[in-house]
Amino acid sequence: MKKRFYITTPIYYPSAKLHIGHAYCTVLTDIFARYKRLRGFECYFLTGADEHGQKIEKNAALAGKTPQEFVDGIVEGFYKLWDLLKISNNDFIRTTQTRHTEVVQKIFSKMLEQGDIYLSKYKGWYCTPCESFWTDTQVGPDHICPDCGRPVQVAEEEAYFFKTQNYVDSLMKFYDENPKFLTPESRKNEMINTFIKPGLDDLCVSRTSFSWGIPILENPKHVIYVWLDALTNYITALGYGSGNESLFKKFWEDDETEIIHILGADITRFHAIYWPMFLESLGLRKPDREFVHGLLMMKDSKMSKSKGNVVDPFPLVEKYGVDALRYYLAREVTFGQDGSFTPELFVERINMDLANSLGNLLNRTVSMINKYFGGEIPQYLGKKTAFDGELESLIDLSIKRYESFMDDLKITEGITAVMDIVARANKYIDETTPWALAKDEDKKEELASVMNHLARAIFVSGMLLKPVLVNASDLLFAQLGINLEKVSYDDIFNPSFLDRKVVNKGEQLFPRLDNEVEIAYIASLMNGNK
RNA sequence: CGCGGAGUAGAGCAGUGGUAGCUCAUCAGGCUCAUAACCUGAAAGUCGGAGUGUUCAAAUCCUCCCUCCGCAACCA
């Protein structure tokens, strides 16, 4: 196990507002980062914005702004959303920042000098009115501009290319030697069969047809084109090539750091093929893992602006709280597979897991401790009832399962391991029938043991869910009388940790939602975006 | 033959070789500490179809077919 982690999301493109799909990727990455920190590891978490390119240039012109003004406005929205979702990123990189642009220029120069980049001609379908190049697949069989629908012509422009042939063999070797590099594994097969085996083209890394990009020093009519600019954010953010490389040394070069990129399927190719090549060209280490997450569908069809089913996370969080949304994203959608967001699933998941199971368990337990023990959690007395041992073993087992799932980025499975504890605790109440024990003075010890065990089950669950439920876990601790300053992960292993703590019955952690009303409300939010 | 994913109980999903699972919904029962909650039990699937394919053993591997979805144009 490495002792330090560097984890990243892709940098998102600020051509429009972010939606729940971006939130999904960022929240899951955040959960992992928080999990690692909770376990006591150092974890540096980076996200950001990829701000160059023709589309930004065009959208800015349409909005009557300079490109920089335009992206500044959009990125403001990024900050707000990540703030709202309690994203714990350590840094936010913008590709328009000089700490990035200057280094990208140096990177380009180095590659050019080494002969990994050469000047040639980019040939493609060109739409004169749109001033845009398109690929074969983009123009389709009729050779029509996908933007304006008019016919396109074959055109050429001077461009720089990255020589992939220099690194193909070494990439294949890297795949072989690092089976966990790209997961899920089907993604790796896709890369090899679809892109590498048929023969990899060199990658175009500059453009002259627009100017909103990082100029190439050696030839300033060119700007650096998308991927060489975008992917390198992962190292420029750490100060690579700058005056101060301390972060870079610590979180990239040190072998004790595990480097993890989280990304979506549509950009797998660039992360899995070109990024390792760029790094090798620079003589740098490659990431340990690239984890490809699935897409969030809106009930059978992909979320898209034209279909009017884009979900805006803001009103959702405003109404249901950040924890509800974070929990839904992490639990409902198996990380690594496609999943869906629907109002029905959302309301059901929150009600069943958070309100009925966890929230209600806390509520009933605190009530009983108040009623039977004047609010003081009884001391741990060992295994006093026939069911104590079973509950304790289930807790121990669930902690182990949780840890091993989470370490392997199986976040959805990690959460279900915690919910096993909650379910078992609810059952334990029925098994031990505390209300019956309370009527018999001789059973006082058993009753005390039941309360202690219940409190511990809730405490452990709350701790394990802390990376997900960033607010509710603290509220849960507070109800159990835990001093938030004096609690740490390792306390879950101490059965006596809760002895004599005084509970505080507070608000319901997750009030039950009215199905019909809330489903209709969320549906109206989605339609409102049409 | 473009690439990829999916097809498992009424709905939504998990499950990659070893007696078919989870959540919800349904029905019956229990309990009363609790947020009409919680607990127990039942009914419900020939795991898309085909193959006298591989194997001691297949939802899981192989071959073929069918259907749906995503990518290929806004969009993680």
Side-chain angles (χ1 to χ4, degrees), chain A residues 9-13 15-26 28-29 55 59 134-140 144-149 184-187 189-191 193-195 198 262-269 292-307 309-310 331-334 337-340 342 344-345 347-349 351-372 412-413 416 419-420 423 425-438 447 450-451 454 505 507-513 515:
Chain A
T9 72
I11 46 176
Y12 306 114
Y13 201 58
S15 62
K17 273 171 64 177
L18 297 178
H19 53 66
I20 201 168
H22 303 92
Y24 174 62
C25 179
T26 309
L28 272 289
T29 306
K55 187 180 292 170
N59 287 4
W134 304 103
T135 63
D136 271 354
T137 46
Q138 284 173 322
V139 299
I144 297 293
C145 171
D147 235 25
C148 67
E185 200 178 354
S186 58
R187 297 297 172 193
N189 301 333
E190 185 183 358
M191 289 306 114
N193 294 328
T194 311
F195 301 112
I262 307 292
L263 52 135
D266 53 335
I267 50 176
T268 309
R269 184 176 140 206
V292 182
H293 70 254
L295 257 47
L296 266 191
M297 311 295 198
M298 300 297 117
K299 188 78 188 172
D300 296 338
S301 71
K302 190 179 176 185
M303 167 165 39
S304 75
K305 287 168 191 166
S306 51
K307 284 176 188 158
N309 59 359
V310 175
R331 171 61 187 84
E332 184 64 34
V333 183
T334 303
Q337 297 186 26
D338 287 350
S340 57
T342 68
E344 292 81 3
L345 284 173
V347 173
E348 179 182 310
R349 186 54 79 186
N351 273 343
M352 295 313 147
D353 289 11
L354 298 182
N356 294 352
S357 297
L358 179 63
N360 186 41
L361 175 67
L362 173 69
N363 196 34
R364 61 201 300 215
T365 301
V366 170
S367 287
M368 286 190 281
I369 292 171
N370 272 326
K371 189 165 177 179
Y372 303 138
T412 312
E413 291 88 336
T416 59
M419 295 314 284
D420 285 348
N426 272 316
K427 182 175 174 174
Y428 172 83
I429 295 178
D430 269 55
E431 290 170 336
T432 54
T433 60
W435 49 90
L437 299 177
L447 182 62
V450 170
M451 292 307 120
L454 281 175
K505 183 141 187 172
E507 298 282 301
Q508 288 180 352
L509 214 52
F510 295 100
R512 192 176 162 79
L513 305 176
N515 270 290

Q: Go through the structure and list residues passing side-chain hydrogen bond (donor to acceptor under 3.5 Å, both in side chains) with R269(A), not counting sequence neighbours.
A: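 Checked R269(A) against side-chain hydrogen bond (donor to acceptor under 3.5 Å, both in side chains); zero matches.
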Q. Mind checking what makes side-chain hydrogen bond (donor to acceptor under 3.5 Å, both in side chains) contact with T365(A), not counting sequence neighbours?
A.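 By the side-chain hydrogen bond (donor to acceptor under 3.5 Å, both in side chains) rule, T365(A) matches no residue at all.
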Whole-Å [atom1] distance, [N] and [M]:
{"N": "G17(B)", "M": "G12(B)", "atom1": "C1'", "value": "27 Å"}
{"N": "C13(B)", "M": "G7(B)", "atom1": "C1'", "value": "13 Å"}
{"N": "G48(B)", "M": "C68(B)", "atom1": "C1'", "value": "11 Å"}
{"N": "U67(B)", "M": "U52(B)", "atom1": "C1'", "value": "27 Å"}
{"N": "A14(B)", "M": "C74(B)", "atom1": "C1'", "value": "34 Å"}
{"N": "U55(B)", "M": "U40(B)", "atom1": "C1'", "value": "40 Å"}
{"N": "G21(B)", "M": "C27(B)", "atom1": "P", "value": "24 Å"}
{"N": "U63(B)", "M": "A76(B)", "atom1": "P", "value": "35 Å"}

Can you measure from [atom1] ([X]) to [atom2] ([Y]) and round to the nearest 0.5 angstrom?
{"X": "Y24(A)", "Y": "T9(A)", "atom1": "OH", "atom2": "OG1", "answer": "14.0 Å"}
{"X": "Q508(A)", "Y": "N363(A)", "atom1": "CD", "atom2": "CG", "answer": "5.5 Å"}
{"X": "N426(A)", "Y": "R364(A)", "atom1": "CG", "atom2": "CZ", "answer": "5.0 Å"}
{"X": "I20(A)", "Y": "T26(A)", "atom1": "CD1", "atom2": "OG1", "answer": "11.5 Å"}
{"X": "N515(A)", "Y": "E348(A)", "atom1": "CG", "atom2": "CD", "answer": "8.0 Å"}

Q) Which ranges of RNA chain B pair up as stems, where a stem means three or more consecutive Watson-Crick or G-U pairs with both distances under 3.5 Å? A)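 The stems are B:2-7 with B:66-71, B:10-13 with B:21-24, B:26-30 with B:38-42, B:48-51 with B:62-65.
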Q) According to a strict under-4.0 Å criterion, is K427(A) in side-chain N/O contact with OP1 or OP2 of U40(B)? A)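 It does, given that an N or O in the side chain of K427(A) lies less than 4.0 Å from OP1 or OP2 of U40(B).
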**Q.** Phosphate-side-chain proximity, K55(A) and C75(B), N/O vs OP1/OP2 below 4.0 Å
**A.**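 Checking C75(B) against K55(A), a side-chain N or O does come within under 4.0 Å of OP1 or OP2.
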(Q) I'd like to compare against my own output: the B/S/- annotation of nucleotides 24-31 of chain B with a strict under-4.0 Å heavy-atom distance to protein. (A) S-----BS
Closest to side chain of [X], choosing from [options]:
{"X": "S15(A)", "options": "A76(B), C38(B), C75(B)", "value": "C75(B)"}
{"X": "N426(A)", "options": "C39(B), U35(B), G4(B)", "value": "C39(B)"}
{"X": "H19(A)", "options": "G12(B), A76(B), C38(B)", "value": "A76(B)"}
{"X": "L295(A)", "options": "A76(B), C33(B), C39(B)", "value": "A76(B)"}
{"X": "S367(A)", "options": "C33(B), C75(B), C13(B)", "value": "C33(B)"}
{"X": "Q337(A)", "options": "A76(B), U35(B), G15(B)", "value": "G15(B)"}
{"X": "Q508(A)", "options": "U35(B), A76(B), C39(B)", "value": "U35(B)"}

(Q) Can a donor-acceptor pair be found, under 3.5 Å and without considering hydrogens, that links the side chain of D338(A) to the backbone of L295(A)? (A)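 A pair under 3.5 Å: yes.
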(Q) Need to verify one output field. Residue with the more 5' nearest nucleotide on RNA chain B, N351(A) or K505(A)? (A)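 Closest to the 5' end, via its nearest nucleotide, is K505(A).
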Q: Map Y372(A) and H22(A) onto RNA chain B by nearest heavy atom, then report which one ends up closer to the 5' terminus.
A: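 Upstream on the strand: Y372(A).
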Q.
Holding to side chain to side chain contact (heavy atoms under 4.5 Å, CB included), I want the full list of residues that pass it with E431(A), two or more places apart in sequence or in another chain.
A.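 Partners of E431(A) by the side chain to side chain contact (heavy atoms under 4.5 Å, CB included) criterion, ordered by chain and then number, come out as F387(A), R424(A), K427(A), Y428(A).
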Checking all strands, does [X] fall into the base, sugar-phosphate, or nothing category for heavy-atom contacts under 4.0 angstrom?
{"X": "T26(A)", "result": "nothing"}
{"X": "P10(A)", "result": "nothing"}
{"X": "L509(A)", "result": "base"}

Q | Residue pair M419(A) / D353(A): nearest heavy atoms and the distance that separates them | A |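 Shortest heavy-atom contact: CE-O, 3.4 Å.
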Q. Who are the ring-ring contact (aromatic ring centres under 6.0 Å, His included) partners of F510(A), not counting sequence neighbours?
A.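 F510(A) satisfies ring-ring contact (aromatic ring centres under 6.0 Å, His included) with no other residue.
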